[in-house]
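Each remark here refers to the structure printed beneath this line.
The analysis underlying the following values was restricted to heavy atoms, covering all of them including side chains, and did not include hydrogens, waters or symmetry mates.
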Amino acid sequence: MRRRVVVTGMGAVTPIGNTVDEYWEGILHNKVGIGPITKFDTTEYKATLAAEVKGFDGKKLLGFKQAKRMDLFSQYAAVAAKEAFIQSGITMENEDPYKVGIAVGSGIGGLHAIETEYEKLLAKGPAKVNPLLVPMMITNMAAGNISIMLGAKGKCINVVTACATGCHSIGEAYRTIQCGEAAVMLAGGTESSITPLGVAGFTSLTALTASKDPFRASIPFDKERSGFVMGEGAGVVVLEELEHAKSRNATIFAEVVGYGATSDAFHITSPAEDGSGAAMAMEMAMNEAGVSPAQIDYINAHGTSTHHNDLFETRAIKMAMKESANNIKINSTKSMIGHLLGAAGAVEFITCVKSITDSYIHPTVGTKETDIECDLDYVLGEGVHKELTYVLNNSLGFGGHNASLLIKRYKEEV
């Protein structure tokens, strides 16, 4: 029998709040964290809006020496992990450190460090490149720094599946606990790629919107959607084996009951046009939990505000949910916080958990009139107050990566 896995801690750094409480307060008030890019001069750029993290001071939150050895993506992850770990109430002195692991990924890693040091290389020569460049830029260092910070000596992995990274990381952590390799896993994703090269690259790919209106820039499923808004931040959760959590009287926020992961094997950037890969990931998550489409109350969609994603994800939901598709509430958190790339699935997982605990589904803010084929219930206008039992969290990544996590309101009985 597979062991049950529950959520006992959450931490977040987002464009609308640098703690879970601040973030959720922003969600409850339909706060849009999108605005003009302040990190660099966008005069020559088509895309000039982003969802930046505000008021974050890594040196203050982590200590000067620790922070200066980390690129911003690692700082975000470490701060989110610290919040989640404190909320969980776990103390390492009472744990077998080899049974506490980390699964925190980043889609891109330290792009800021790469750009900064490459400019230094060209201007001043190789001898002036920061000796910490490599440990600052490589994507696994978010997980590594969290492990060092907490003294967690168990499995420490870095899943990299582009925009599905956060969701896959939580899914793989869930599997790790299920099969007995760990009792506790800190899992999630992190990203900080609002840089000249990052924005230029995604713009050249025609993935980013050129909208100048922060409230009509990230508009998933809208007929006027024109691309995503780049965001940044981190989401980290504490997953724990149920009996371990109960033995220490932990507060349990929700239970993870299903995980599906597939590949489209179709295209490097576009999802499969019929949505079959994403549909299968959802079906796998439901099948694992023994849940039918009719039991799904809400889906937090990947919903990027690009033409292909929103259309093909809608088709995927219809394929997976069949006649129940029209009865399920669907939204996109990216309407408020933009697309956090490797961190998106993790922050949206936290949104799902908070939606369960608070019985609230936020609206897809800014979306007014949906595309003709995007004809499901995307919660437009006002949020919905409703008790939720089963919630699906979807993430799709460049390369054809699909991930779905099924989250359940916690009940002690099986």
Side-chain angles (χ1 to χ4, degrees), residues 1-8 10 164 167-168 170-171 173-175 177-178 220-221 237 239 242 245 252-262 274-303 312-333 345 348-364 374-380 383-396 402-414:
M1 180 181 292
R2 289 179 174 176
R3 304 194 302 172
R4 293 171 67 183
V5 180
V6 294
V7 182
T8 57
M10 297 180 285
C167 203
H168 273 133
I170 294 171
Y174 163 66
R175 287 276 184 261
I177 294 172
Q178 273 188 324
F221 309 105
V237 297
L239 300 185
L242 175 60
I252 295 172
F253 299 107
E255 182 174 3
V256 184
V257 292
Y259 170 47
T262 65
D274 62 357
S276 56
M280 180 57 71
M282 287 183 266
E283 290 174 20
M284 290 168 67
M286 289 188 291
N287 289 341
E288 180 181 1
V291 170
S292 70
Q295 292 174 273
I296 303 299
D297 299 305
Y298 155 51
I299 298 173
N300 188 294
H302 191 55
F312 302 159
E313 188 177 8
T314 295
R315 291 175 181 171
I317 291 169
K318 290 179 179 179
M319 184 179 292
M321 302 301 159
K322 303 178 175 60
E323 63 272 9
S324 296
N326 290 310
N327 301 322
I328 299 172
K329 299 295 182 184
I330 302 163
N331 66 9
S332 173
T333 304
E348 289 155 12
F349 178 92
I350 290 170
T351 308
C352 291
V353 173
K354 292 294 290 182
S355 296
I356 290 171
T357 60
D358 286 26
S359 300
Y360 176 72
I361 303 169
H362 72 73
T364 303
C374 295
D375 54 358
L376 298 176
D377 184 352
Y378 305 109
V379 192
L380 305 186
V384 175
H385 295 273
K386 174 183 178 181
E387 184 169 302
L388 306 171
T389 302
Y390 289 103
V391 172
L392 266 174
N393 179 30
N394 285 344
S395 287
L396 318 178
N402 306 302
S404 288
L405 288 164
L406 184 56
I407 310 154
K408 180 185 178 184
R409 178 180 294 275
Y410 173 68
K411 292 183 179 180
E412 189 166 335
E413 69 275 13
V414 177

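- No side-chain heavy atom of M280 sits under 4.5 Å from any side-chain heavy atom of M319.
- We find that R2 and E288 are joined by a salt bridge, their nearest charged nitrogen and carboxylate oxygen being less than 4.0 Å apart.
- Here the OG-OH distance, from S292 to Y390, works out to 9.0 Å after rounding to the nearest 0.5 Å.
- Side chains of V7 and V256 form a contact here, defined as non-hydrogen atoms less than 4.5 Å apart.
- Ion pairing between R315 and D274 fails under the 4.0 Å rule for side-chain N and carboxylate O.
- Under the 30°/60° scheme for interplanar angles, the aromatic rings of Y259 and H168 are found to stand perpendicular.
- Residue I330 holds its CD1 atom at 10.5 Å from CG of L380, rounded to the nearest 0.5 Å.
- A distance of 11.0 Å separates CE of M10 from CG of L239, quoted to the nearest 0.5 Å.
- Side chains of H362 and T333: a donor on one and an acceptor on the other come within 3.5 Å.
- Expressed to the nearest 0.5 Å, how far CG of L392 lies from CD1 of I328 amounts to 7.5 Å.
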field: side-chain contact (heavy atoms from CB on, under 4.5 Å) between Q295 and T389, intermediate numbers included
entry: CA-CA 8 Å; Q295 292 174 273; T389 302; over 6 Å; no

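- When all heavy atoms of S332 and F221 are compared, the pair lying nearest together is CB-CE1, 4.3 Å.
- Contact detail for A278 and A316: the closest heavy-atom pair is CB-CB, 3.7 Å.
- Here the closest non-hydrogen pair linking Y360 and P363 is OH-CD, 3.5 Å.
- Looking only at side-chain heavy atoms (C-beta outward), I317 and L376 come within less than 4.5 Å of each other.
- Between Y298 and S355 there is a side-chain heavy-atom pair separated by less than 4.5 Å.
- A 4.5 Å side-chain heavy-atom check between L242 and R3 finds every atom pair outside the cut-off.
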- prompt: Would I299 and M321 satisfy side-chain contact (heavy atoms from CB on, under 4.5 Å), going step by step from the backbone distance to the final call?
  reply: CA-CA 11 Å; I299 298 173; M321 302 301 159; 4.0 Å; yes

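- S395 and A164 make their closest contact through CB-CA, 3.8 Å (heavy atoms, listed as atom of the first residue, atom of the second, distance).
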message: Show, in sequence, the C-alpha distance, side-chain angles and deciding distance for D297 and K329, and conclude whether the side-chain contact (heavy atoms from CB on, under 4.5 Å) test is met.
response: CA-CA 6 Å; D297 299 305; K329 299 295 182 184; over 6 Å; no

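- Salt-bridge check for K318 with E323: failed, with every basic side-chain N at 4.0 Å or more from each acidic carboxylate O.
- Judged purely by distance below 3.5 Å, without hydrogens or angles, the side chains of T364 and N331 never pair a donor atom with an acceptor atom.
- Using modelled atom types, one finds a donor on one side chain and an acceptor on the other under 3.5 Å when comparing N402 with T262.
- Note that the OG1 atom of T351 and the CG atom of D358 stand 11.5 Å from one another [nearest 0.5 Å].
- Residues L406 and V291 form a side-chain contact, since some pair of their non-hydrogen atoms from C-beta on lies under 4.5 Å apart.
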- request: Walk me through it: do C167 and N393 pass the test side-chain contact (heavy atoms from CB on, under 4.5 Å)?
  value: CA-CA 8 Å; C167 203; N393 179 30; 4.0 Å; yes

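- Across all their heavy atoms, T357 and F253 have their closest contact at CG2-O, 3.5 Å.
- Residue E412 comes nearest to R4 through the heavy atom pair O-NH1, 3.0 Å, listed as atom of the first residue, atom of the second, then distance.
- Note that CG of L388 and NZ of K408 are 14.0 Å apart. Values are rounded to the nearest 0.5 Å.
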